[in-house]
Amino acid sequence: MKLDRRNFLRLAGAAGATAVVGRGAEAQARQYQPPPQALGCLVDLSLCIGCRKCEQACNEVNQLPAPERPFDDPTVLERKRRPDDKAFTVINRHYAGRRDDKNQPLPTFVKTQCMHCQDPACVSACIVGALTKKPNGAVHYDEGKCIGCRYCMVACPFQIPAYEYSDPLTPRVRKCTFCFERISQTGGKPGCALACPVEAITFGRRQDLLGLARKRMEDNPGRYEPHIYGEREAGGTSWLYLSSQPFARLGFQTLPDQPMPHLTETIQHGVFAYLWAPLTLFGILGGVMALLGRRNDKEERP
Amino acid sequence: MSHHNLAAPMQGRQRFWSPGALVLAAMALVGLAFVVARYGGGLGAVTNLSQANPWGLWIGVDVASGVALAAGGFTTAALAHIFGRHAYEPVTRPALLTALLGYVFVTLALLVDIGRSWAIWKPMFFWNPNSVLFEVAMCVMVYSAVLHIEFIPIVAERLGGVIKPLQWLNHRLDKVMWFFIILGVVLSCMHQSGLGSLMLIAPTKVHPLWYTPLLPLLFLLSAIAVGFPMVVVEHFIAGKSFALADESPLLSRLVRITILLLGLYGAVKLGDLGARGAWAYLGEGSTQARAFIVEMLFGVLIPWVMLLVPNLRQRRTTLFIASFLIVAGVVLNRINVFLVSFRPPFPEQSYFPSLGEMAITLGFIAALMLAYRFTVYFLPVLTPADKEAAS
Ligand code: SF4
Ligand code: SF4
Ligand code: SF4
């Protein structure tokens, strides 16, 4: 084994120079801009009557398999469900303390689907970029790129992406598509928002929806919890919620405001900006090798 | 590469199909049967993976632990070739082989684990530089290639006489091998730490005993620390079935470096726990708290003290036990970080690996050991006892 000194010095020099250049980039914090024109939905839980028409519409527009029990079967609500590979959205019934005038507990219904995060963990995580945040706000899945590593499922703080575990060769990650094709057309609306008979789901620009939510709170003092869920959670989400009951009692998680990809991307780009860290390490090891690695070499080579 | 090289094939010194080798073959076949079932009925047919727990035993053991335990390859290469401790060269070859086979089997395990095995090439063309997993995959891929290159001289030593182009390639490589050796160490540092960054994307799901921005550093330090103990464990296991030159004096000198490396890892880990105030969770009586205590006590503190005592370090059995504990401790750490610490917000039922998952994991380990046996049988990797006596 021979270490060609001239080559080595050239490499080490390059590594050193890169290290100096890289320092600046390393110090830079992560810059990510969520799409300014993102669309979204505002779900007003105080309006939802739990009819599951949204579930049915979602099933139809996405051509999902027929459910085990029909959409008008009320017994489905007896246990809590999660969206899965066969249902992109589900309604759950919670008794969160609301009572009628006869002191009977009143239910609150909660719709769950992908939140279409503004700075999505799943998008940052996906090894091949099969998940992307579209300018219209939808977090879109491209089956053609996916390798099935399921890192998106690990990453999603809302536990949304579901997997087709029983498909041996071409399983897909399944989640609410935000009806990407429909909303990409002018005037197109998500199936669920269109189907809701009480207009509990309002579709529109996220910015406008935040305004609408605040207006509803102002116009109806005391009706709502003073919190728009999704405004800041995990860096903000395209889907937003208003509720008359505390979110914590309705199965909503308390999440940090910081977007999930912040730490990993800061580390990743800090270390790999201009490859300064690997090149520096290469240079140092090369230096050590030139000094120590070849001692006794003469004796060793007969 | 040096006058220390007394490595020789085991062929002719021992028979290949020992009872142990037959048991390994049987285990590998059982694993294979479950792999067939996985491709028949999908991941759901053989695993307990769920929508809440998308990663299981294969990621924790086959992939994450596999990569960590292959670290002996780059740590011994760095020691002998970069830091010029040529005395340790007898252990570089078996360590290199373990690393090489380790990465081959990590790739095979990944192939079985990912939903679309046939799409495994896609990350080469569809890049997501924001993804930690992408970075890890790229480094693992290039490093596997580097390991194969580093292994060429060993193959050439045996077959170069018969296959002339191999001889020629080997001569060519000799001049640039320094580049690949350094590159191997750099790539290892990158993806060993990268593996530690993987779970940082899920701050709300990973238990605070393990969730720290220092995870990548801790993964790197533990991988470096486990390198030499793994070489010791491997030497003892190989020595059980082959008459090998007794390297224990060399190995007990080698693990003196481990005292420093393991001590550094333990100190950073405990210091981080204290600085974050996360030690308070140790008293919560949860599975996580117990797993953390076992990991630190049996995987770090006890073996560290054992190595510290010259008497224990120099005796074969205690050297083996201490090294084994360190290896097991790193495996437990990887299982803890990827599985035990993972608390999905909406758990269906807590994850425990299925029989099929365990059978496939054991099958892969058995197949790896058989492949190791096969390689040292025909190629000069280990130093047989008779060679040493003759020299
Ligand atoms: S909710 Fe989960 S799956 Fe949906 S965009 Fe956010 S991180 Fe991705
Ligand atoms: S499973 Fe598919 S979509 Fe999810 S991270 Fe892996 S490659 Fe991306
Ligand atoms: S936006 Fe479309 S995919 Fe998502 S829940 Fe509504 S109907 Fe289903």
Side-chain angles (χ1 to χ4, degrees), chain A residues 1-4 8 82 84-85 121 123-130 145-151 153-155 157-159 162-171 251 253 255-256 260-261 263-265 267-269 271-272 277-278 281-282 285-286 288-289 292-296 299-300 302, chain B residues 1-3 38-45 47 49-52 54-55 78 81-84 86 114-120 122-123 126-135 137 174-175 177-178 181-183 185-186 189-190 197-205 213 216 342 344-346:
Chain A
M1 192 175 65
K2 254 199 211 125
L3 176 60
D4 180 329
F8 161 68
R82 294 286 306 162
D84 60 23
D85 52 328
V123 169
S124 170
C126 179
I127 178 169
V128 284
K145 287 183 181 170
C146 178
I147 66 167
C149 65
R150 309 185 299 287
Y151 189 31
M153 301 172 68
V154 171
F158 296 100
Q159 195 180 315
Y163 207 58
E164 295 181 320
Y165 280 113
S166 48
D167 185 328
L169 289 175
T170 53
Q253 299 177 73
L255 291 175
M260 300 294 147
L263 180 59
T264 46
E265 288 191 17
I267 295 177
Q268 177 108 336
H269 296 303
V271 171
F272 288 98
L281 182 59
F282 195 101
L285 290 174
V288 173
M289 194 188 215
L292 303 176
R294 292 165 51 77
R295 65 180 179 192
N296 311 327
E299 309 154 33
E300 275 172 43
Chain B
M1 196 152 11
S2 82
H3 62 272
R38 177 251 177 269
Y39 285 108
L43 285 167
T47 71
L49 298 174
S50 64
Q51 309 302 1
W55 281 359
H81 304 315
I82 296 180
F83 289 90
H86 300 287
I114 65 171
R116 301 176 164 220
S117 311
W118 50 270
I120 197 160
K122 286 189 174 170
F126 302 118
W127 292 17
N128 177 11
N130 288 335
S131 167
V132 179
L133 191 59
F134 172 74
E135 185 250 303
D174 196 40
K175 302 210 167 42
M177 196 52 102
W178 65 272
I181 287 173
I182 302 178
L183 183 65
V185 177
V186 172
C189 290
M190 281 159 69
S197 300
L198 277 179
M199 298 309 277
L200 292 183
I201 191 87
T204 55
K205 291 175 168 179
F342 192 74
F346 308 100

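Keep in mind the model is a prediction, meaning the values are calculated, not measured. By convention in this document, chain letters (A, B, ...) are assigned in the order of the sequence lines, proteins followed by strands, and residues within each chain are numbered from 1. Heavy-atom basis, side chains included; hydrogens, waters and symmetry copies ignored.
- Atom-to-atom distance recorded for Phe346(B):CZ and Arg82(A):CZ is 4.5 Å, nearest 0.5 angstrom.
- Residue with the most contacts toward chain A among Ser197(B), Ala202(B), Gly41(B): Gly41(B) (heavy-atom pairs, distance under 4.5 Å).
- Not one N or O on the side chain of Gln51(B) forms a donor-acceptor pair closer than 3.5 Å with the backbone of Asp84(A).
- For the residue pair Gln159(A) and Pro344(B), the shortest heavy atom distance occurs at OE1-CB, 3.5 Å.
- Counting heavy-atom pairs closer than 4.5 Å to chain A, the top residue among Gly44(B), Pro345(B), Ala119(B) is Pro345(B).
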Can you check side chain to side chain contact (heavy atoms under 4.5 Å, CB included) on Val271(A) and Met190(B), steps first, answer last? CA-CA 9 Å; Val271(A) 171; Met190(B) 281 159 69; 5.8 Å; no
Check step by step if side chain to side chain contact (heavy atoms under 4.5 Å, CB included) holds for Leu169(A) and Tyr39(B). CA-CA 7 Å; Leu169(A) 289 175; Tyr39(B) 285 108; 4.1 Å; yes
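- When all heavy atoms are compared, the tightest approach of Ile182(B) to Gly286(A) is CD1-CA, 3.5 Å.
- Both the backbone and the side chain of Leu281(A) come within less than 4.5 Å of a heavy atom of chain B.
- When each of Leu255(A), Val128(A), Asp85(A) is checked for heavy-atom pairs under 4.5 Å with chain B, Val128(A) comes out on top.
- Counting heavy atoms from C-beta outward, Arg116(B) and Pro171(A) have side chains that approach closer than 4.5 Å.
- Side-chain contact between Met199(B) and Val154(A) is present, with at least one heavy-atom pair separated by less than 4.5 Å.
- With hydrogens and angles ignored, the 3.5 Å screen pairs a side-chain donor or acceptor of Asn128(B) with a backbone N or O of Val123(A).
- Annotation: the span from Asn130(B) atom CG to His269(A) atom NE2 amounts to 4.0 Å, rounded to 0.5 Å.
- Looking only at heavy-atom pairs under 4.5 Å with chain B, the residue among Pro256(A), Cys126(A), Ala130(A) that has the most is Cys126(A).
- The salt bridge (Lys or Arg N to Asp or Glu O under 4.0 Å) check on Glu135(B) picks up nothing, with sequence neighbours excluded.
- Ile201(B) has its side chain within reach of Tyr151(A): a pair of non-hydrogen atoms, C-beta onward, lies under 4.5 Å apart.
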Residue pair Met153(A), Leu49(B): steps toward the side chain to side chain contact (heavy atoms under 4.5 Å, CB included) verdict: CA-CA 12 Å; Met153(A) 301 172 68; Leu49(B) 298 174; over 6 Å; no
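- Annotation: side chain of Cys149(A) is in contact with side chain of Leu133(B) (closest heavy-atom distance under 4.5 Å).
- With chain A as the partner, the residue from Leu198(B), Thr47(B), Ile120(B), Val185(B) showing the most heavy-atom pairs under 4.5 Å is Leu198(B).
- Contacts between Lys122(B) and chain A at a heavy-atom distance below 4.5 Å involve backbone atoms as well as side-chain atoms.
- Contact count versus chain A (heavy atoms, under 4.5 Å) is highest, among Phe126(B), Phe134(B), Phe342(B), for Phe126(B).
- To the nearest 0.5 Å, atoms NE2 (His81(B)) and CG (Leu285(A)) are separated by 13.5 Å.
- Separation of atoms CG (Leu292(A)) and CD1 (Ile82(B)) is listed at 10.5 Å; rounding is to 0.5 Å.
- Across all non-hydrogen atoms, the minimal contact from Ser131(B) to Ala125(A) is OG-O, 2.6 Å.
- Looking only at heavy-atom pairs under 4.5 Å with chain A, the residue among Pro216(B), Pro203(B), Pro129(B), Cys189(B) that has the most is Pro129(B).
- Within the 4.5 angstrom heavy-atom criterion, only side-chain atoms of Phe272(A), from C-beta onward, approach chain B.
- Contact detail for Val186(B) and Pro278(A): the closest heavy-atom pair is CG1-O, 3.7 Å.
- Annotation: side chain of Phe282(A) is in contact with side chain of Leu183(B) (closest heavy-atom distance under 4.5 Å).
- Judged by distance alone, the side chain of Trp127(B) and the main-chain N or O of Gly129(A) form no donor-acceptor pair under 3.5 Å.
- We find the CE-CD1 distance between Met289(A) and Ile181(B) to be 4.5 Å, quoted to the nearest 0.5 Å.
- Taking all atoms of both residues into account, the shortest heavy-atom contact from Pro213(B) to Ile267(A) is O-CD1, 4.1 Å.
- For chain A, the nearby part of Ser50(B) is the backbone; its heavy atoms alone come within less than 4.5 Å.
- Within the 4.5 angstrom heavy-atom criterion, atoms from both the backbone and the side chain of Ala52(B) approach chain A.
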